[in-house]
Amino acid sequence: MDVEPVCFIPISAREGDNVANHSDKMPWYKGMNVLEVLDSFKSEELPEDKPFRMPVQDVYKFTRGGDNRRIIAGTIETGKISVGDEVIFYPSGKRTRIKSIEGFNRPPVTEIGAGWATGFTVTEQIYVKRGELMCKADELKPKVTGRMLVNLFWLGKNPLVKGKDYYLKLGTAKVSMRVEEIRNVIDASSLVSKKKEQVDRNEVAECILSLDRHIAFDLTADIANTSRFVIVDEYEISGGGIVISDLEDQTSWVRDKVLMRNYKWIGSEISAETRALKYGHGAALILITGEKQSPRKELGRALEKQLFDDGKLVYYLGMGSVMYGVDADLMDHELIVPSRQEHIRRLTEVAHIMLDAGMIFIISARELTAEDYNVICTGIPHEKITVIWVGEEKTTDIPVTIHISSIENIDECVRMIRKRINL
């Protein structure tokens, strides 16, 4: 190991010689005692020389006394930043510039660095949320994916196993995760390496983790602060570790397009809050899916009509309208074989525009799968999505908000949906 001793101190732990005071029994030793050496240690300097990283803790909106600030708050892990710097939030890829640096009961500053809990206002009002990672645009980009190779240690009472749902917390992000593969396990007491199907208490392992959505992080070789994580098992922190490599996942091809879209997106001067206040509701995506013969379209159109009659800004779109309109080029079999995932991606982009305009957007599509849903969630925040399954048997593996087994009175069914999702 690359470690050099500062000094050697002869001590007696039992008698306390040369620990707090110099020993009369060792007059030949003229150096510092243990406490003097500890007092002489210098604290590690804050990592301001590294790329800027701030996990977003929360976004605060002020309204009293004409104050209309939206402050993006968090603790700066590394680097420093100044008013006017361009920043990007990952994994969304949204960009803006720092307008002001905010702090409670302290004088205004134009620059701030690692170690400070602070807040920022920005020039363009973008929608970001807790768990995103704020970075400077001209510095090293973080990794963004839903799969990672990690080194972890396990302290849980129950072993870490494949196929079980856990929570991974990295920075301010908290995501559901599963162990995809256990590559190697080391017993911490004996340092013996072995191949196992689980990680027991006090063991260290190299594993591949699969997350339920993308998060942003750094590799430990680049920035240690934003590569560390903990694992929660049944409400208890049971392990932790570091990320050593990012891996491709099923929706990496979509994520790259969404990152570029968000980076190039020219935001409106009208904020989402202003639109919601004007329309009397927030933007929402309602996915109506189900079995082939289920009345998905009829339900979607009836829901649209009721909402419209009540003055809501709403629009219904069937999957077929997208396939033979926006996706017309994909339907030309002489040019390209149609890809279901590309259909879903383009549908998601249409939904993104509708939601950016503040609308309630209703889509009907047959038997959406987890793969489809993951593509949609890559482009649309999952908290804005409501999934309605229509049909006696729920054959999907996506999270369903409302399951409607049969429809006898469609208007009553629509009223039930509106009550459930508060529209």
Side-chain angles (χ1 to χ4, degrees), residues 52-63 68-77 81 86-99 102 117-137 141-146 167-177 211-218 226 229 232 251 254-255 258-259 261-263 265 267-268 270-277 281-285 348 351-358 361 373-387 399 401 421-422:
F52 177 82
R53 298 288 189 267
M54 189 193 82
V56 175
Q57 176 183 319
D58 213 336
V59 180
Y60 299 95
K61 172 68 174 175
F62 294 84
T63 57
N68 62 353
R69 290 175 299 164
R70 290 179 73 251
I71 296 179
I72 301 169
T75 299
I76 301 173
E77 292 288 343
I81 199 163
E86 185 179 27
V87 293
I88 304 177
F89 295 85
Y90 294 93
S92 69
K94 295 178 180 179
R95 65 182 173 92
T96 184
R97 288 188 180 274
I98 300 298
K99 183 178 181 181
E102 305 288 333
T118 189
F120 302 93
T121 64
V122 293
T123 55
E124 292 85 18
Q125 296 303 325
I126 57 176
Y127 175 80
V128 295
K129 57 185 178 180
R130 178 182 174 87
E132 298 217 49
L133 189 61
M134 181 178 174
C135 310
K136 284 176 68 172
K141 296 179 181 179
K143 307 298 182 182
V144 177
T145 187
Y167 280 107
L168 180 139
K169 298 177 71 174
L170 195 158
T172 55
K174 181 180 179 181
V175 295
S176 178
M177 75 93 184
L211 315 181
D212 72 342
R213 67 178 187 272
H214 296 150
I215 64 169
F217 55 89
D218 289 287
T226 43
F229 62 85
V232 178
T251 54
V254 186
R255 182 195 67 231
V258 170
L259 282 171
R261 173 251 279 170
N262 287 341
Y263 182 76
W265 193 264
S268 170
I270 306 168
S271 68
E273 291 88 352
T274 303
R275 292 182 190 275
L277 187 63
H281 60 80
L285 174 60
T348 302
H352 172 261
I353 295 171
M354 294 295 198
L355 267 61
D356 194 58
F361 188 42
Y373 185 73
N374 289 338
V375 172
I376 295 170
C377 286
T378 302
I380 303 290
H382 68 93
E383 61 269 18
K384 291 189 176 183
I385 303 173
T386 297
V387 179
T401 310
I421 61 179
N422 195 27

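What you see below is based on every heavy atom in this structure, not just the backbone, and it leaves out hydrogens, waters and symmetry mates. All values reported here derive from a predicted model rather than from experimental measurement.
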Evaluation steps, side-chain hydrogen bond (donor to acceptor under 3.5 Å, both in side chains), between Ser268 and Arg275: CA-CA 11 Å; Ser268 170; Arg275 292 182 190 275; 3.2 Å; yes
With a 4.5 Å limit on heavy-atom distance, are the side chains of Val254 and Thr348 in contact? no
For Glu124, enumerate each residue passing the side chain to side chain donor-acceptor pair (under 3.5 Å) test, keeping only those at least two apart in sequence or located in another chain. Thr96
Using the salt bridge (Lys or Arg N to Asp or Glu O under 4.0 Å) criterion, which residues pair with Lys61? Sequence neighbours excluded. none
If you compare all heavy atoms of Pro55 against all heavy atoms of Thr75, which two are closest, and at what distance to 0.1 Å? CD-O, 3.6 Å
To the closest 0.5 Å, what do you measure between CZ (Arg261) and CD1 (Ile353)? 8.5 Å
Across all chains, not counting sequence neighbours, the side chain to side chain donor-acceptor pair (under 3.5 Å) partners of Thr251 are His214
Heavy-atom nearest pair, Cys377 first then Ile385, reads SG-CD1, 3.9 Å
Surrounding NZ of Lys384 (heavy atoms of other residues, nucleotides or ligands, distance under 6.0 Å), is the total greater than 12? yes
Assess whether atom OH of Tyr167 is packed by more than 12 heavy atoms of other residues, nucleotides or ligands within 6.0 Å. no
Closest non-hydrogen contact found for Leu355 with Ala283 is O-CB, 3.3 Å
Side chain of Asp218, backbone of Thr226: donor and acceptor closer than 3.5 Å? no
Supply the atom-to-atom distance Met134 CE to Thr172 OG1, rounded to the nearest 0.5 angstrom. 12.5 Å
So, taking the atom named CZ in Arg213 and the one named OG1 in Thr145, what distance separates them when rounded to the nearest 0.5 Å? 14.0 Å
For Val144 versus Pro91, what's the shortest heavy-atom pair and its separation? CG1-CB, 3.5 Å
Stepwise side-chain contact (heavy atoms from CB on, under 4.5 Å) test for Phe229 and Met177: CA-CA 12 Å; Phe229 62 85; Met177 75 93 184; over 6 Å; no
If you measure from CZ on Arg95 to CG on Leu259, what distance do you get to the nearest 0.5 Å? 13.0 Å
Is the cationic atom of Lys136 (NZ for Lys, CZ for Arg) positioned less than 6.0 Å from the six-membered ring centroid of Phe52 and within 45 degrees of its normal? no
Value for CG (Asp356) from OH (Tyr127), rounded to nearest 0.5 Å, stands at 12.5 Å
Are side-chain heavy atoms of Glu102 and Tyr60 found at a separation under 4.5 Å? no
Cationic N near anionic O, under 4.0 Å, Lys94 to Glu132: no
Look up atom CE in Met54 and atom CZ in Phe89, then write down how far apart they are to the nearest 0.5 Å. 6.5 Å
Spell out, as yes or no, whether a donor-acceptor pair under 3.5 Å connects the side chain of Arg130 to the backbone of Val56. no
Residue pair Leu133 / Ala216: nearest heavy atoms and the distance that separates them: CB-CB, 3.9 Å
Please report the closest heavy-atom contact between Ile126 and Arg70, naming both atoms and the distance. O-NH1, 3.3 Å
Taking everything shown except Lys99 itself, do over 12 heavy atoms lie less than 6.0 Å from its NZ? no
